[in-house]
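First up is the structure itself, then whatever we jot down about it.
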Amino acid sequence: MLTLKLITEQTDRVIKGLNKKHFQGAEEAIQKVIAMDAERRAAQAALDQKLAASNQAAKEIGALMKAGKKDEAEAAKAQVAALKSECKELEDKKTRMQTEMDAFLCTIPNIPYDEVPEGSSAADNLVVKLNDKMPCELPANPKPHWEIAKDLNLIDFDLGVKITGAGFPVYRGLGARLQRALINFFLDQARAAGYEEIMPPTVVNQASGYGTGQLPDKEGQMYHCEVDDLYLIPTAEVPVTNIYRDVILNEKELPVKNTAYTQCFRREAGSYGKDVRGLNRLHEFSKIEIVRIDTPEHSAESHKEMLEHVEGLVQKLGLPYRILRLCGGDMSFTSSVCYDFEVYSEAQKRWLEVSSVSNFDTYQANRLHCRFRRTDSKKIELCHTLNGSALALPRIVAAILEDYQQADGSVKVPDVLVPYMGCEYIR
RNA sequence: GGAAAGAUGCCGGAGUGGUCGAUCGGACCGCACUCGAAAUGCGGCAAGCGGGUCACACUGCUUCCAGGGUUCGAAUCCCUGUCUUUCCGCCA
């Protein structure tokens, strides 16, 4: 959530930012927060005063007891009784206001950076880089990946339906091996770039879901194990970022660079049509995530490095790709700036999103209470958090199958994956 | 799943009703000593929400797992929950 400091000190900027993000009723919402904050402060001040008086009285009574002046102590006790109920009332009021304000703050999205283009939908996203070179010469009528996967016995969608349901494919043979090859390739690349590999739990508690912002608003997007009140993670971002919940890092520990491969689970309620065909949208999929935590002054540089890393991955795989700078209206709730990577699927004639690389500024850190201590001043400040997919497997697999398909029905293995696959062609 | 014990600051570990935000040790930081280091000595060393200040200083309140309760007063007593450890059972 946005910090109160930002809202109170740079009100105009916040309102402008929210408008850019196409958040309805920005002005009113911000004025409401400011009013709530003022009220909260007043309640706090009033409560503090009463508590101070009550603490003082307790001390005096203690002193009287010690001095053996029982009568005077008893008299003082009677006087304190009144204070007590007042305290209770003020306390309740303060807690209620704090809770209300926090809940309301959570409904206000992050504000975009200046570099974020204006716009309300995906159509307004800015293509900042385009590389549409195909890795191979394709057959006259290229097949979509679901046909290739079926012909080469790589993925069995029907079997997944039998075992679990739609959106849970079964990978087998070279299809399964391709999954493992990509996971290892991506992790090796991340390690080479200095990211520490993490293998976190794939099930998290409420506090973690809240920390990264999936809860409370996006509750319906996650699978929920009600008996234990745990959630299946929609991305490794959740458990990995939560490592740093309620943590104060030292400045010299920054930037933190973590990577993790996990299975990701998404309910994707409401999705339909050609979007969900084949591997385009699944309920369970593999993804390698990179997460960074950095100082405010260095986070932009970090973000750039992450973008270069992800670009390196798609380049090495030889896939046609483009990079989009998302416009204000299409960015996620929590990000300050976000770039999407898309690879081109020749057979489907469409771009498939394989990565989003975002800087959340302090928005996520504020909710997480992820802070760092300055080496010089010893002051504590909120960190900046960033993350990105590097990369999500299914659409990469779709693109590889489609863009590397050969006239004889086989699929050429991208050079970088050959050592991981142990073969040059999938046939 | 059954039984028992426990949860205190970065870590270890005291503290069973009043001046305890918390003894002590370690780690860490600063200073002194040293050519430098080690050793030693001295000092510092929690966070949150407020007030205050240009910024400090200074200052009120809260927090000893969480939430309730008893009391004038709770780290300390009571209740509930969570988690951890050990033993038993089960088990990849």
Side-chain angles (χ1 to χ4, degrees), chain A residues 1-9 33-106 199 201-211 215 225-231 239 242-254 256 263 293 362 365-383:
Chain A
M1 51 188 154
L2 293 171
T3 61
L4 277 171
K5 194 171 149 71
L6 185 72
I7 291 175
T8 53
E9 289 177 8
V33 170
I34 290 172
M36 283 171 118
D37 181 45
E39 227 185 312
R40 191 202 97 243
R41 278 184 217 219
Q44 166 103 41
L47 174 63
D48 283 359
Q49 214 172 14
K50 292 291 178 199
L51 285 172
S54 144
N55 287 343
Q56 184 59 33
K59 264 185 195 173
E60 280 163 14
I61 291 169
L64 289 172
M65 298 286 262
K66 219 163 215 177
K69 297 178 184 167
K70 277 246 165 102
D71 298 349
E72 287 181 44
E74 288 304 325
K77 277 192 197 182
Q79 291 190 344
V80 176
L83 266 178
K84 214 186 145 185
S85 67
E86 286 183 67
C87 283
K88 177 89 184 130
E89 228 169 89
L90 285 166
E91 171 99 52
D92 290 348
K93 185 179 176 193
K94 195 203 80 174
T95 309
R96 199 175 59 243
M97 288 182 118
Q98 184 73 55
T99 311
E100 273 174 25
M101 192 174 70
D102 284 347
F104 187 65
L105 270 174
C106 281
M199 188 177 274
T202 42
V203 184
V204 297
N205 57 28
Q206 269 195 18
S208 294
Y210 181 82
L215 297 177
C225 308
E226 288 183 29
V227 186
D228 299 296
D229 198 18
L230 296 172
Y231 296 83
N242 270 285
I243 293 173
Y244 306 96
R245 168 156 49 90
D246 296 323
V247 165
I248 299 175
L249 296 153
N250 288 317
E251 185 177 0
K252 62 183 174 206
E253 294 176 83
L254 301 175
V256 165
Q263 289 297 90
I293 304 195
T362 59
N366 189 32
R367 203 190 258 222
L368 275 176
H369 297 128
C370 173
R371 296 164 295 169
F372 74 103
R373 193 188 306 274
R374 292 274 181 197
T375 308
D376 297 339
S377 64
K378 309 289 180 207
K379 284 255 168 59
I380 291 172
E381 288 179 44
L382 287 172
C383 297

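Values below: every heavy atom of this structure, side chains too, minus hydrogens, waters and symmetry copies. Throughout, a chain's letter reflects where its sequence line sits, starting with A, and its residues are numbered from 1.
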What residues, two or more places apart in sequence or in another chain, satisfy salt bridge (Lys or Arg N to Asp or Glu O under 4.0 Å) together with [X]?
X        : value
A/Glu9   : A/Lys5
A/Glu381 : A/Arg374
A/Arg40  : A/Asp37

Using the test side-chain contact (heavy atoms from CB on, under 4.5 Å), find all partners of A/Glu39 that sit at least two apart in sequence or belong to another chain. A/Met97
side-chain contact (heavy atoms from CB on, under 4.5 Å) partners of A/Asp48, counting only residues at least two apart: A/Gln44
When rounded to the nearest Å, what value does the distance between [atom1] atoms of [N] and [M] take?
N     : M     : atom1 : value
B/C11 : B/G17 : C1'   : 29 Å
B/G9  : B/U76 : P     : 15 Å
B/G60 : B/C54 : C1'   : 23 Å
B/A55 : B/U71 : C1'   : 44 Å
B/A46 : B/U23 : P     : 11 Å
B/U53 : B/C10 : C1'   : 31 Å
B/A75 : B/C20 : P     : 12 Å
B/G51 : B/A39 : C1'   : 46 Å

List, one per line, each side-chain donor-acceptor pair under 3.5 Å for residues 52-60 of chain A, sequence neighbours excluded.
| from | atom 1 | to | atom 2 | distance (Å) |
| --- | --- | --- | --- | --- |
| A/Asn55 | ND2 | A/Leu51 | O | 3.4 |
| A/Gln56 | NE2 | A/Glu60 | OE2 | 3.2 |

What are the 5'-most and 3'-most nucleotides of RNA chain B lying under 4.0 Å from any heavy atom of chain A? B/G18 to B/G73
Strictly by salt bridge (charged side-chain N to carboxylate O under 4.0 Å, His left out), give each pair with a member in residues 92-106 of chain A just once, sequence neighbours left out. A/Lys88-A/Asp92
A/Thr375 side chain to A/Glu251 side chain, donor-acceptor N/O pair below 3.5 angstrom: yes
Contacts of A/Tyr244 meeting ring pair (Phe, Tyr, Trp, His ring centres under 6.0 Å) (sequence neighbours excluded), chain-then-number -> none
Between A/Ala207 and A/Asn242 the two heavy atoms that sit nearest each other are O-OD1, 4.1 Å
Taking RNA chain B as the partner, which of residues 44-56 of chain A come within under 4.0 angstrom of it by heavy atom? A/Gln44, A/Asp48, A/Leu51, A/Ala52, A/Asn55
Could you pull out all residues at least two apart from A/Glu86 that satisfy side-chain hydrogen bond (donor to acceptor under 3.5 Å, both in side chains)? A/Lys50
Heavy-atom nearest nucleotide on RNA chain B taken for A/Lys59 and for A/Ile380; more 5' hit belongs to A/Lys59
Mapping A/Gly62 and A/Ala57 to their closest nucleotides on RNA chain B, which lands nearer the 5' end? A/Gly62
Under 3.5 Å for both pairing distances: what stems, at least three Watson-Crick or G-U pairs long, include RNA chain B? B:1-7 with B:82-88, B:10-12 with B:24-26, B:28-32 with B:40-44, B:46-51 with B:58-63, B:65-69 with B:77-81
